[in-house]
Amino acid sequence: MSQPDQARQPLTDLSEDERLFYDNVLAFARRDIAPRVRQMDDASAIPSELVTALFDLGVMGIEIPERYGGAGASFFHSVLAVEALSRVDPSVGVLVDVQNTLVINALMRWGAEEVKRRYLPKLAAATIGAYALSEAGSGSDAFALATRATRQGAGWRLSGRKLWITNGREAELFIVFATVDPAAGYRGVTAFLVERGFPGFAVGKKEDKLGIRASSTCELLLDDCQVPEENVLGEVGKGYKTAIETLNEGRIGIGAQMVGLSQGALDHTIAYTRERKQFGQRVADFQAVQHQISRAATDVHAARLMVYEAARLRDTGRPFLREAAMCKLFASETAERVTSLAVNLFGGYGFVKDYPVEKLYRDAKIGRIYEGTSNIQLVTIAKKLLGK
Ligand SMILES: Cc1cc2nc3c(=O)[nH]c(=O)nc-3n(C[C@H](O)[C@H](O)[C@H](O)COP(=O)(O)OP(=O)(O)OC[C@H]3O[C@@H](n4cnc5c(N)ncnc54)[C@H](O)[C@@H]3O)c2cc1C
């Protein structure tokens with residue numbers, strides 16, 4: 001018999017290497033993260049020793065080539081890592097997601113060789129990255145940003161404020177988008193690599209959030225921040241391309257976060273309803289409950305297929321824009337539905353912090369907001385279907 005055609009394999013059929021990787025990350029999450037989830041949520045922080053363990057696990061530089069100290073794996077591996085971690089804690093999932101699908105991804109695609117040599121080994125070993133596009137006045141309309149970059153001598157001065165920046169508390173390297181010419185609209189937008197220690201840079205207020213509380217979300221303050229010329233990422237005036245292209249890929253990662261989160265909620269719900277007895281039988285024995293769980297499992301399966309399909313398209317160099325928007329839209333809606341059902345089926349125990357599902361219910365909400373709200377995903381899908 002001839003070798004099976006890879007392209008004809010079922011989407012969820014992982015290669016041996018992918019399966020081992022997923023199982024390893026999930027085992028880590030269950031052993032090293034699960035016991036800390038409640039405490040991390042209460043403290044709104046991910047402890048530094050856990051961050052170190054994530055670097056040791058090899059999930060902080062997944063696509064970084066081995067010559068720069070990374071794992072040299074695929075984007076699909078990043079998606080698997082985010083899914084596996086988010087099954088246990090979506091806050092840890094998004095830390096790893098931003099590092100890989102946004103920061104490293106942007107550096108690998110747009111960084112000059114010298115920039116890659118300088119930053120990729122650090123990102124693979126110990127440096128956390130953050131991706132700073134949003135501002136108080138520009139979210140969905142991201143290129144209406146007001147942070148200004150002005151040329152000065154052999155470098156740039158950046159002034160403005162960024163809002164909502166994931167990993168802001170922990171990060172040492174920030175991709176900051178600023179405009180070199182506000183009159184040029186999106187054509188003025190430029191990406192800069194800003195180190196935490198650069199003069200004029202500071203991390204401001206950390207947000208107190210509804211969900212993914214352990215993930216830090218911070219304001220960044222740039223006050224005449226000095227950035228050397230070689231820290232322009234890509235070309236001046238082409239930052240909009242960097243942002244669009246990385247976010248198109250990043251939203252597949254958010255889809256994976258939502259799939260993992262939904263699977264986690266489903267796992268808890270199945271275990272609980274098989275234990276809990278009412279009317280002399282297990283809650284899982286009521287047919288009404290079985291049907292609800294069946295529907296939730298079907299949604300999670302569909303969301304996972306959509307995420308895997310988008311990631312596989314991306315890794316094989318095929319168009320994936322529509323699929324990325326669809327998978328993020330669908331997976332985040334699934335996460336809302338599944339976690340809501342989980343709370344319902346836990347009854348009163350679903351409403352208190354001693355059980356895990358109230359947190360996942362809160363965590364699910366962010367899926368419809370960041371890296372493009374659901375409405376913005378619908379705009380993107382409509383553009384692909386109907387043209388401008
Ligand atoms: C926890 C968290 C982490 C984040 N992390 C990051 C990060 O790391 N880096 C970063 O740069 N940003 C980050 N963000 C910002 C996030 O991407 C934005 O919040 C998001 O893009 C929405 O922007 P906005 O909040 O300004 O809402 P707005 O854009 O003001 O939207 C408000 C409402 O209007 C709707 N709307 C807007 N435009 C349209 C339209 N054209 N058609 C229909 N409806 C529309 C939206 O869907 C939404 O419902 C984060 C946000 C949060 C909450």
Side-chain angles (χ1 to χ4, degrees), residues 41 44-46 82 86 89-106 128-147 158 160-171 173-179 186 189 191-192 194 203-222 233 239-240 242-251 253-255 257-258 261 325 328-329 332-333 335-336 359 362-383 386 388:
D41 191 58
S44 295
I46 298 176
V82 173
S86 301
D89 191 350
S91 289
V92 179
V94 76
L95 182 143
V96 169
D97 176 71
V98 168
Q99 174 88 353
N100 287 286
T101 73
L102 295 182
V103 177
I104 289 170
N105 199 354
I128 293 181
Y131 187 90
L133 179 63
S134 304
E135 300 181 0
S138 66
S140 301
D141 188 9
F143 300 139
L145 55 80
T147 297
L158 268 54
R161 282 173 179 227
K162 293 289 172 184
L163 203 61
W164 315 117
I165 307 310
T166 299
N167 296 350
R169 192 178 77 101
E170 303 84 4
L173 182 66
F174 299 78
I175 299 180
V176 175
F177 293 87
T179 178
Y186 72 90
V189 175
F192 295 88
V194 177
V203 176
K205 176 177 169 248
K206 182 164 98 54
E207 303 296 337
D208 189 6
K209 306 196 297 294
L210 170 74
I212 56 164
R213 291 179 59 80
S215 160
S216 66
T217 310
C218 301
E219 189 180 17
L220 307 182
L221 315 173
L222 299 124
L233 180 63
Y240 72 93
T242 308
I244 289 172
E245 292 189 11
T246 42
L247 286 170
N248 285 343
E249 300 183 349
R251 60 184 56 127
I254 300 305
Q257 183 199 27
M258 292 296 124
L261 189 162
K328 193 223 177 224
L329 175 76
S332 55
E333 288 177 351
E336 273 189 357
K359 173 184 178 292
R362 288 186 283 109
D363 288 350
K365 194 69 213 173
I366 192 59
R368 293 181 66 127
I369 299 172
Y370 58 15
E371 297 203 30
T373 64
S374 289
N375 277 358
I376 294 302
Q377 304 309 324
L378 291 169
V379 169
T380 302
I381 296 164
K383 270 189 201 155
L386 309 167
K388 287 226 168 179

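Each residue takes its place number in the sequence, starting with 1. Order of listing sets the numbers, starting from 1, for every ligand and every atom in it. Note that these values count all heavy atoms, side chains included, but never hydrogens, waters or copies made by symmetry.
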At under 4.0 Å between heavy atoms, is it the side chain or the backbone of Leu133 that contacts ligand 1, or both, or neither?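 Contact part for Leu133 vs ligand 1: both backbone and side chain.
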Can you tell which part of Tyr131 has a heavy atom less than 4.0 Å from ligand 1: side chain, backbone, both or neither?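 Within the 4.0 Å criterion, Tyr131 contacts ligand 1 through backbone atoms alone.
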[X] side chain near [Y] side chain, heavy-atom distance below 4.5 Å:
X      : Y      : result
Val194 : Leu158 : yes
Phe192 : Phe174 : no
Val203 : Leu221 : no
Leu247 : Leu133 : yes
Ile212 : Tyr370 : yes
Lys206 : Ser44  : yes

Do you see a donor-acceptor pair shorter than 3.5 Å between the side chains of Ser374 and Glu333? no
Checking side-chain polar atoms at under 3.5 Å, does Thr101 have a donor or acceptor matched by the opposite partner on Asn105? no
Kindly write out the residues that satisfy salt bridge (Lys or Arg N to Asp or Glu O under 4.0 Å) with Lys365, not counting sequence neighbours, or none if the list is empty. Glu336
Could you find the nearest protein heavy atom to [atom] and give me its residue, atom name and distance?
atom                    : answer
atom 24 (P) of ligand 1 : Gly139 CA, 3.9 Å
atom 4 (C) of ligand 1  : Trp164 O, 3.0 Å
atom 42 (N) of ligand 1 : Val379 CG2, 4.2 Å
atom 49 (O) of ligand 1 : Asn375 ND2, 4.5 Å
atom 41 (N) of ligand 1 : Ile376 CD1, 4.0 Å
atom 20 (C) of ligand 1 : Ile369 O, 3.6 Å

Please check: side-chain N/O of Arg362 versus main-chain N/O of Leu210, any donor-acceptor pairing under 3.5 Å? yes
Under 4.0 angstrom from [atom], is there any protein heavy atom?
atom                    : result
atom 22 (C) of ligand 1 : yes
atom 34 (O) of ligand 1 : no
atom 30 (O) of ligand 1 : no

Could you tell me, atom by atom, which parts of ligand 1 come under 4.0 Å of a heavy atom of [X]?
X      : answer
Lys209 : 1 (C)
Thr373 : 22 (C), 46 (C), 47 (O)
Ile366 : 1 (C), 2 (C), 52 (C), 53 (C)
Glu371 : 17 (O)

What do you reckon, does [X] have a nitrogen or oxygen under 3.5 Å from a nitrogen or oxygen of ligand 1?
X      : value
Ser134 : yes
Ile212 : no
Thr166 : yes

If you measure from the Lys or Arg side-chain nitrogens to the Asp or Glu carboxylate oxygens, is any gap between Arg213 and Asp363 under 4.0 Å?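 Salt bridge absent between Arg213 and Asp363.
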Compare Ser140, Ala130, Gly211 and give the one whose heavy atom is closest to atom 36 (N) of ligand 1.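 It is Ser140 that holds the nearest heavy atom.
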Ring geometry between Tyr240 and Phe143 (parallel below 30°, tilted from 30 to 60°, perpendicular above 60°): perpendicular
